[in-house]
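The next block holds one structure in the form of structure tokens; read it before the comments.
Along the sequence shown, the residues carry numbers beginning at 1. Keep in mind the model is a prediction, meaning the values are calculated, not measured.
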Amino acid sequence: MKAMVLSAAGEALQLRSVEKPVAGANDLLIRVHTCGVCRTDLHLLDAELPNAVFPIIPGHEIVGTIVATGSAVQSFRIGDRAGVPWLGHTCGQCSYCVAGQENLCDHASFTGCTINGGYAEYVAADSQYCFPMPGMYSNLEAAPLLCAGLIGYRALRMAAGAKRIGVYGFGAAAQIITQIACHQGRTVYGFTRPGDQAAQQLAYDCGVVWAGSSDEEPPSPLDAALLFAPAGELVPQALRHVHKGGAVICAGIHMSDIPAFPYALLWGNGGFAQSPI
Ligand SMILES: [Zn+2]
Ligand SMILES: [Zn+2]
């Protein structure tokens, strides 16, 4: 089959003929229709993911049709449409897996990072981590939900009952989750890089009541800040924007170093939490 292969960090993707994968006992063999491009793919390219395995076929927002199933697969059938996300496998035995926090597994595998992903004609994926795809979504609509939608929704859930939410960095996760938060009746404020008018317009198009630069004060203090941009300097800025007891939620898979900041920002303002996918 044909696949786009990244032989090492910093290299260009190469179109190569590679062996078609074979479904193991728990796997689905999927003919790929669509695979989204995620910011994490750039972290892979930039050597910012220490566990990455090379050469690798990237891509972890995969939608396709099942063409074969392993002998132990019961929950999917050939011909079904399935989605494959970032979390590709967990050990099922470590303390996190046993506690139902498999996203924190000590021995997890990640699609398109430690196991081959969806920049290919076919992918084999553990069925226990695949999603059935409802017919209401097209392939193109469904693919971004498998990472951007997933981490966005997880971050929004960590914001619990927050009514006034700041969203930082208007990539795919922010675009999806802003629309959902607005639909839920929350008030959303959009923060972008200074001067990024296009991103601020996009934020307005998604439903925010105010859009501005991350170094600007929002018109009112926030109950929660969701950080999707991989920029550590946003953490102290967001802490300044939330009121006492507010939450700053770091949702990215990678972030540059967080600069030192005065403890008063934590004491007088919010706490912060990380939202592992
Ligand atoms: Zn992703
Ligand atoms: Zn585990």
Inset, instruction - Evaluate the side-chain proximity of P21 to L29: yes if any heavy-atom separation is below 4.5 Å, no if none is. - result: yes

Inset, instruction - Assess whether side-chain hydrogen bond (donor to acceptor under 3.5 Å, both in side chains) is satisfied between S220 and Y189, documenting all intermediate values. - result: CA-CA 9 Å; S220 66; Y189 305 83; 3.1 Å; yes

Legend entry - Closest non-hydrogen atom pair between A203 and A211, with its separation: CB-CB, 4.1 Å

Inset, instruction - For residues R240 and L265, determine if any side-chain heavy atom of one lies less than 4.5 Å from a side-chain heavy atom of the other. - result: yes

Inset, instruction - Answer yes or no: is there a side-chain heavy-atom contact under 4.5 Å between V98 and Q93? - result: no

Legend entry - Residue pair L28 / A23: nearest heavy atoms and the distance that separates them: C-CB, 4.3 Å

Legend entry - side-chain contact (heavy atoms from CB on, under 4.5 Å) against D106, all qualifying residues, sequence neighbours excluded: C94, Y96

Legend entry - Donor-acceptor contact below 3.5 Å, side chain H254 vs main chain R39: no

Inset, instruction - Taking the side chain as every heavy atom from C-beta outward, state whether I165 and T187 have any pair of such atoms under 4.5 Å apart. - result: no

Inset, instruction - Give, for atom CG of L49 and atom SG of C113, the distance between the pair rounded to the nearest 0.5 Å. - result: 5.0 Å

Inset, instruction - For H107, enumerate each residue passing the ring pair (Phe, Tyr, Trp, His ring centres under 6.0 Å) test, keeping only those at least two apart in sequence or located in another chain. - result: none

Inset, instruction - Ignoring hydrogens and angles, tell me if any N or O in the side chain of R81 forms a donor-acceptor pair with the backbone of P134 under 3.5 Å. - result: yes

Can you give me every donor-acceptor pair (side chain of residues 52-62, partner residue at least two apart or in another chain, under 3.5 Å) with its distance?
unit_1, atom_1, unit_2, atom_2, d
E61, OE2, A148, N, 3.4

Legend entry - L42 with L6, same ILVMFWY side-chain cluster at under 4.5 Å: yes

Inset, instruction - Would you check if the side chain of E11 reaches a backbone N or O of A8 as a donor-acceptor pair within less than 3.5 Å? - result: no

Legend entry - Partner set under side-chain hydrogen bond (donor to acceptor under 3.5 Å, both in side chains) for S7, not counting sequence neighbours: none

Legend entry - Close side-chain approach of T40 and W86, heavy atoms under 4.5 Å: yes

Legend entry - Test item: T111 and L87 side chains (from C-beta on) under 4.5 Å apart, heavy atoms: no

Legend entry - Under 3.5 Å donor-acceptor, S213 side chain and E216 backbone: no

Inset, instruction - Test side-chain contact (heavy atoms from CB on, under 4.5 Å) on I177 and L226 and set out the steps. - result: CA-CA 10 Å; I177 224 58; L226 311 184; 4.3 Å; yes

Inset, instruction - Please lay out, stage by stage, how V242 and V248 fare under the test side-chain contact (heavy atoms from CB on, under 4.5 Å). - result: CA-CA 8 Å; V242 297; V248 174; 4.1 Å; yes

Legend entry - All pairs passing ring-ring contact (aromatic ring centres under 6.0 Å, His included) where residues 16-36 contributes a residue, at least two apart: none

Legend entry - Path from L202 to Y168 over hydrophobic side-chain contacts below 4.5 Å: no

Legend entry - Taking every non-hydrogen atom, the tightest pair across A238 and L227: CB-CD1, 3.7 Å

Inset, instruction - Say whether V63 and V84 are linked into one hydrophobic cluster, either directly or through other cluster members, by side-chain heavy-atom distances under 4.5 angstrom. - result: no

Legend entry - Rounded distance [0.5 Å steps], CZ in R31 versus CE in M1: 13.5 Å

Legend entry - Smallest separation among heavy atoms of A159 and A224, with atom names: CB-CB, 3.8 Å

Inset, instruction - Not counting sequence neighbours, which residues clear side-chain contact (heavy atoms from CB on, under 4.5 Å) with P259? List them please. - result: E233, P236

Inset, instruction - Would you indicate whether the side-chain heavy atoms of P194 and S214 approach each other to under 4.5 Å? - result: yes

Legend entry - salt bridge (Lys or Arg N to Asp or Glu O under 4.0 Å) contacts in which one or both residues fall within residues 158-167, not counting sequence neighbours: R164-D223

Inset, instruction - Give the cluster check for F170 versus I249: same hydrophobic cluster or not, with ILVMFWY residues linked at side-chain heavy-atom distances below 4.5 Å. - result: yes

Legend entry - Summary of ring-ring contact (aromatic ring centres under 6.0 Å, His included) pairs that have at least one residue in residues 193-229, sequence neighbours excluded: F191-W210

Legend entry - Under the side-chain contact (heavy atoms from CB on, under 4.5 Å) test, residues paired with V22 that sit two or more places apart: none

Inset, instruction - Treat each ILVMFWY residue as a node, draw an edge where side-chain heavy atoms are under 4.5 Å apart, and state whether L44 and M4 are in one component. - result: yes

Legend entry - Contact list for residues 172-184, test side chain to side chain donor-acceptor pair (under 3.5 Å), sequence neighbours left out: Q184-R186

Inset, instruction - Look up atom CD in Q200 and atom OG1 in T192, then write down how far apart they are to the nearest 0.5 Å. - result: 3.5 Å

Inset, instruction - For the residue pair T69 and I78, establish whether any side-chain heavy-atom pair is separated by less than 4.5 Å. - result: yes

Could you give the side-chain donor-acceptor pairs of residues 117-132 under 3.5 Å, partners two or more places apart or in another chain?
unit_1, atom_1, unit_2, atom_2, d
Y119, OH, D41, OD2, 2.7
E121, OE1, K2, N, 2.6
D126, OD1, Q128, N, 3.0
D126, OD1, Q128, NE2, 3.4
D126, OD2, H89, ND1, 2.9
S127, OG, N26, O, 2.7
Y129, OH, T90, N, 3.2
Y129, OH, T90, OG1, 2.5

Legend entry - Side-chain donor-acceptor contact under 3.5 Å, Q201 with D205: yes

Inset, instruction - Quick one: list whatever passes side-chain contact (heavy atoms from CB on, under 4.5 Å) with D80, sequence neighbours left out. - result: I66, F76, R77

Inset, instruction - Can you measure from CG (L150) to CD1 (I176) and round to the nearest 0.5 angstrom? - result: 10.0 Å

Legend entry - Nearest-0.5 Å distance, NE2 of residue H241 to CG of residue L234: 9.5 Å

Inset, instruction - Evaluate whether atom CZ of R193 has more than 12 neighbouring non-hydrogen atoms of other residues, nucleotides or ligands under 6.0 angstrom away. - result: no

Legend entry - Reported CG-to-CZ distance for the pair L13 and R16, which is rounded to 0.5 angstrom: 10.0 Å

